[in-house]
Each structure stands twice: as structure tokens, then as C-alpha cells.
Amino acid sequence: MKSARKLILYREFEEGRIFEDFTWIMEHYNSEYYNKEDIQALCYECFHHLIELSASHGFEGNLWQNYLTLLLVNNENAYSTSCEIRGSVSGSINDLAFYDFTIFKELFDFDFYILAEQLDIPELCVLRHYKRANRSGNVFNHRIRDRICELSIRLAQTMTVEEFKDEVTTFYKEFGVGNLGLHKAFRVEHKGEEVKITPITNIAHVHLDDLVGYEIAKQKLIDNTEAFVNGKQANNCLLFGDAGTGKSTSIKAIINQYYEQGLRMIEVYKHQFQDLNSVITQIKNRNYKFIIYMDDLSFEEFEIEYKYLKAVIEGGLEKKPENVLIYATSNRRHLVREKFSDKEERDDELHTNDTIQEKLSLVSRFGVTIYFGKPDKKEFQEIVKYLAKRNYIQMQEEQLLLEANKWELNHGGLSGRTAQQFIDYLLGKQ
């Protein structure tokens, strides 16, 4: 078989030590120049690490093939990033990818029975038909895990390198590559001096239909987001209004609804605004559409972080990339807090209007503003009835609404959040 060290595009893998050691064993297990016991020891070590990786990722079936598939879908290189979301590309890069896939196809087809027999390690055969425990893994959610395992099965069934290459390329087109391809949502973290975009593996699987009412508000959000993912002109978006009315839920629903079309979301907190330029630098040349999401956005009068945000939205010499929008939620219509004392300060200033505009101009950077107001009593009751029906709560409507009215009087008033908390309370009593 061809040496895995001759790969051109697919190199420098995450979790690559297993790959390096196992492929070395495959090339040298029957060589007379190496001590059999040393190769056995290395094989057991690889075996251990592969089982541990499979447990953390929730894999089952042929673990070696699952592992190789993980490397293929995670490796960001000149070929994989060119194909993400777009599909097959032209040029010499295809010849280089074909060469690498020739090596991967041989690795996929490697017969572990031979290795188990030659090294006298019969336990290796477990790798071909592994059954996972009840744990589903903590690295990926089950959706991503299943997609990798399904691709692994399809790759194992290919008869030619061309078919193998087509399967991988189709995956890149449908889901992308690397963390940005596999995951929907991300947060920003510091690794020393480096700003890292880290996946959020457990995002709430909500949909816009789960939010009762607010049809006009939801449609404005849908229209703007669809224009964005379709490559048309779209605006930064501010969702504002009363607490507990579904602003954050709507944002989460948007990423669930448009993930398949290449939409990704990065959550950024106020204290991280100075990292925005670094984040944008990392994503601006990728084929995905990114929403930078800021939840519960507001600023006290002494805070200056909003100036970072204004600079990013407006752009300096380098304009904001076309694949990036900013979506924010806030309980305030005007994001920078004003007090009555501000008027006295303005009266003492020569340029009064400059002071006002400095504090209010941030909102004008959001081309679309969407209002989410508290429901009235009738709308609140409709939300309660819908949620009760969806959660199969068996209670007479009159009694249900009576209990809901009591609940909201003592737990935050009329809002969708209060209605959901009431339903959770009822579910907890069942």
C-alpha cells in the first residue's frame, strides 16, 4: 500500500497521532527489521486511543473507518475548503485530491483480520463491529455523529477512488468541512493570546413555529435572513422589546432553520467586542454565512464597548465582509442608557446634538429593527393552551387558564417565558 506519509493535501490532522501510528503499523507489521513485540505494544496503544476517541465521539460500527471519516470531514485544506457549500471545483487541485483519496481508499479497505492474525491480537477484530454503550458521546451531538457514521458506511461501499472522492465532495457541499461545517453555533474563547471560535455542541432545537404569535415580527426576521443566505442584500438586525417575549428563541430558531443552507452563528458577549476584528478575520473567506449574535445587548452610560461595535459595523478602511451580519437582542429600544441628568449635561455643551447622536447612533447601524411586545391576557392564554396541547397536558381548559392566571401574577407577569415556566411546572408535577 502507498505510504500515508505521502499525502499532499490531507495532513496535520487533529487526533493525528492514531493515524500516524496505525498507518506505520500497517506498513511494517510483517517487516523483519522490527521487533514484533514492539509493534504489538504500539498496536495496543493505538487500539486504546481509538476506543477512547470512539467513546467520546459516540461512534460504533467500523471504528477505523469512522476515524478516517472524521479526519476527512474535519481537515481544512485547499480542496475541502474550496468545496464547502459549493461542491466540486475545477483545476489541478482535483488531481491532488484524487491522489490523496487513493491512499485513503486503501486505508479504508485494509483488512484488520490480517493484522490481528499476524500480530496475534485477536481483540483487534472488535474494531470492525463495535457496539457503543448507552453514552452517545460528548464531542458531537447525535446529529453530527450520525452523519459521520453514515458517510463512513457509504465510503466503505465505494468500489473506485472516483466514487470515494464524489462521496466526500458531496458531504462538503451539503454540510461543509471542519468545525465551521459540522456545527451550527459557536462561542469565542481565548487560548492564551489567540482568539478561538469554539463549537457549541448542544444548541436548543427550537423552530419559529414554536413561538406563538408575533407573525409580523417573525416574517421580518425570516425575510432578512433568507435574503442573506441567498446572497442578496441584507441588514444587521436588532430584536428589541419586553423580557421573555421570544427574541432569543427566534434567533436560535433561525440558525436551526437555515443551517442546511450554510448559515452559522457566533455568540459574542459585550466584553469580547475588542475581539470582533479577529473573529471576522477568521471567517471572512469561508463559504458560509455568519451571524454574529449578541444577546441582551445594552450599555450603561460609562461603558465604551459600544464604540468597538460601531466601528465593526461601519467598517474602517476594510469593509465588513458580505458573509457576516450582526443580530442582537435587547430589552431597550435605545441600546445606550440615557438619564434625565444627561439633559443638564447637554445644556452645558456647545454642541448638544453631538452628544445625543453619539449615544443614539448605534441603533441606526441596525438596518432592521423588530419589536417584540408583551402579550395581552387573551394572547397569554392562547400561548398557554398551545404549549399545554404540545406537551400533552391533560387538564380542563377552564382549570388550566385559572392556574395559569395565578401563576403569572406571582411569576413575572404576562410573557411567553412565564407561560413556558408554568407548563414546565405542570410537567414536573406529573
Side-chain angles (χ1 to χ4, degrees), residues 1-7 9-31 34 36 38-75 80 99-133 135-140 142 144-161 163-165 167-168 171 177-178 182:
M1 61 186 300
K2 288 184 180 179
S3 173
R5 288 188 290 275
K6 293 183 178 180
L7 288 165
L9 298 172
Y10 288 83
R11 304 181 69 91
E12 300 177 0
F13 301 114
E14 290 187 23
E15 307 290 351
R17 180 63 184 272
I18 300 172
F19 181 80
E20 293 172 9
D21 288 345
F22 243 142
T23 55
W24 185 91
I25 292 169
M26 291 173 182
E27 294 175 36
H28 301 98
Y29 68 91
N30 58 357
S31 172
Y34 297 97
K36 180 178 179 180
D38 291 339
I39 297 179
Q40 281 179 323
L42 181 59
C43 191
Y44 274 114
E45 183 179 345
C46 293
F47 194 0
H48 163 76
H49 288 306
L50 187 54
I51 294 296
E52 289 296 319
L53 179 139
S54 299
S56 64
H57 288 67
F59 292 154
E60 69 176 1
N62 190 312
L63 296 189
W64 173 243
Q65 293 176 349
N66 287 341
Y67 170 69
L68 292 177
T69 305
L70 175 67
L71 299 184
L72 289 169
V73 302
N74 255 341
N75 191 257
S80 61
Y99 172 84
D100 279 7
F101 288 139
T102 300
I103 296 175
F104 265 93
K105 182 75 169 71
E106 289 186 14
L107 295 174
F108 252 81
D109 295 341
F110 184 83
D111 191 348
F112 267 86
Y113 283 126
I114 297 176
L115 190 62
E117 182 178 347
Q118 289 289 326
L119 294 181
D120 193 23
I121 307 177
E123 297 83 5
L124 275 178
C125 295
V126 172
L127 295 178
R128 292 171 56 94
H129 306 288
Y130 185 80
K131 299 293 183 183
R132 66 170 172 259
R135 282 179 50 199
S136 59
N138 54 21
V139 175
F140 295 140
H142 68 88
I144 297 174
R145 178 204 67 204
D146 291 347
R147 283 176 178 165
I148 292 174
C149 290
E150 289 164 5
L151 176 61
S152 174
I153 293 171
R154 293 198 302 273
L155 290 175
Q157 294 171 343
T158 59
M159 303 301 294
T160 65
V161 179
E163 293 176 4
F164 191 97
K165 178 175 178 289
E167 287 287 355
V168 176
F171 187 95
V177 62
L182 295 176

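Any value given below was found using the heavy atoms of this structure, including those in side chains, with hydrogens, waters and symmetry copies removed.
- Scanning both residues, Glu163 and Thr158, for their nearest heavy atoms gives OE1-CA, 3.5 Å.
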Passes side-chain contact (heavy atoms from CB on, under 4.5 Å), Leu107 versus Met26? Steps please. CA-CA 9 Å; Leu107 295 174; Met26 291 173 182; 4.0 Å; yes

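- Within the 4.5 Å cutoff, no side-chain heavy atoms of Asp38 are placed close to those of Tyr34.
- Residues forming a ring-ring contact (aromatic ring centres under 6.0 Å, His included) with Phe164 (at least two apart in sequence, or on another chain): Phe101, Phe108.
- The side chain to side chain contact (heavy atoms under 4.5 Å, CB included) search around Ser54 returns Leu50, Phe59, Leu63, not counting sequence neighbours.
- Separating the CG atom in Leu127 from the CD1 atom in Ile51 is a distance of 5.5 Å, to the nearest 0.5 Å.
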Less than 3.5 Å apart, which donor and acceptor atoms pair up between the side chains of residues 10-19 and the rest of the protein, not counting sequence neighbours?
from: Tyr10; atom 1: OH; to: Tyr172; atom 2: OH; distance (Å): 2.9
from: Arg11; atom 1: NH1; to: Arg5; atom 2: O; distance (Å): 3.0
from: Arg11; atom 1: NH1; to: Leu7; atom 2: O; distance (Å): 2.4
from: Arg17; atom 1: NE; to: Asp21; atom 2: OD1; distance (Å): 3.4
from: Arg17; atom 1: NE; to: Asp21; atom 2: OD2; distance (Å): 2.8

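- Asp111 pairs by the side chain to side chain contact (heavy atoms under 4.5 Å, CB included) definition with Tyr113, Ile114, Arg128, not counting sequence neighbours.
- Remark: the backbone N or O of Ala4 is not paired with any side-chain donor or acceptor of Thr23 at under 3.5 angstrom.
- We find the OG-CG distance between Ser152 and Leu68 to be 8.0 Å, quoted to the nearest 0.5 Å.
- Nearest heavy-atom pair, Ile103 versus Ser3, reported as atom, atom and distance to 0.1 Å: CD1-O, 3.8 Å.
- The side chain to side chain contact (heavy atoms under 4.5 Å, CB included) test applied to Glu123 returns Tyr44, Phe47, Ile121, not counting sequence neighbours.
- Listed by first then second residue, pairs satisfying salt bridge (Lys or Arg N to Asp or Glu O under 4.0 Å) with a partner in residues 50-73 read Glu60-Arg132, not counting sequence neighbours.
- Residues satisfying the ring-ring contact (aromatic ring centres under 6.0 Å, His included) test with His48, not counting sequence neighbours, are none.
- Tyr130 pairs by the ring-ring contact (aromatic ring centres under 6.0 Å, His included) definition with nothing, not counting sequence neighbours.
- The CG atom of Asn30 sits 11.0 Å away from atom NZ of Lys36, with the distance rounded to the nearest 0.5 Å.
- Atom-to-atom distance recorded for Leu115:CG and Cys43:SG is 5.0 Å, nearest 0.5 angstrom.
- The minimum heavy-atom distance linking Leu70 with Leu53 is given by the pair CD2-CD2, 4.1 Å.
- Taking NZ of Lys105 as the start and CG of Asp100 as the end, the distance is 15.5 Å to the nearest 0.5 Å.
- Not counting sequence neighbours, Asn74 has no partner by the side chain to side chain donor-acceptor pair (under 3.5 Å) test.
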Walk me through whether Trp24 and His28 qualify under side-chain contact (heavy atoms from CB on, under 4.5 Å). CA-CA 6 Å; Trp24 185 91; His28 301 98; 3.3 Å; yes

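- Inter-residue side-chain proximity for Val177 and Asn75 is flagged as unmet; no heavy-atom pair is nearer than 4.5 Å.
- Once rounded to the nearest 0.5 Å, the distance linking CD of Gln65 with CG of Leu155 reads 8.5 Å.
- Listed by first then second residue, pairs satisfying salt bridge (Lys or Arg N to Asp or Glu O under 4.0 Å) with a partner in residues 61-75 number zero, not counting sequence neighbours.
- Residues Arg145 and Gly58 come closest through the heavy atom pair CD-O, 2.8 Å.
- Residues satisfying the side chain to side chain contact (heavy atoms under 4.5 Å, CB included) criterion with Asp146, sequence neighbours excluded, are His142, Glu150.
- Considering all non-hydrogen atoms of both residues, Leu119 and Ile25 come closest at CD1-CG2, 4.1 Å.
- Among residues two or more places apart in sequence or in another chain, the ring-ring contact (aromatic ring centres under 6.0 Å, His included) test is passed with Phe22 by Trp64, Phe112.
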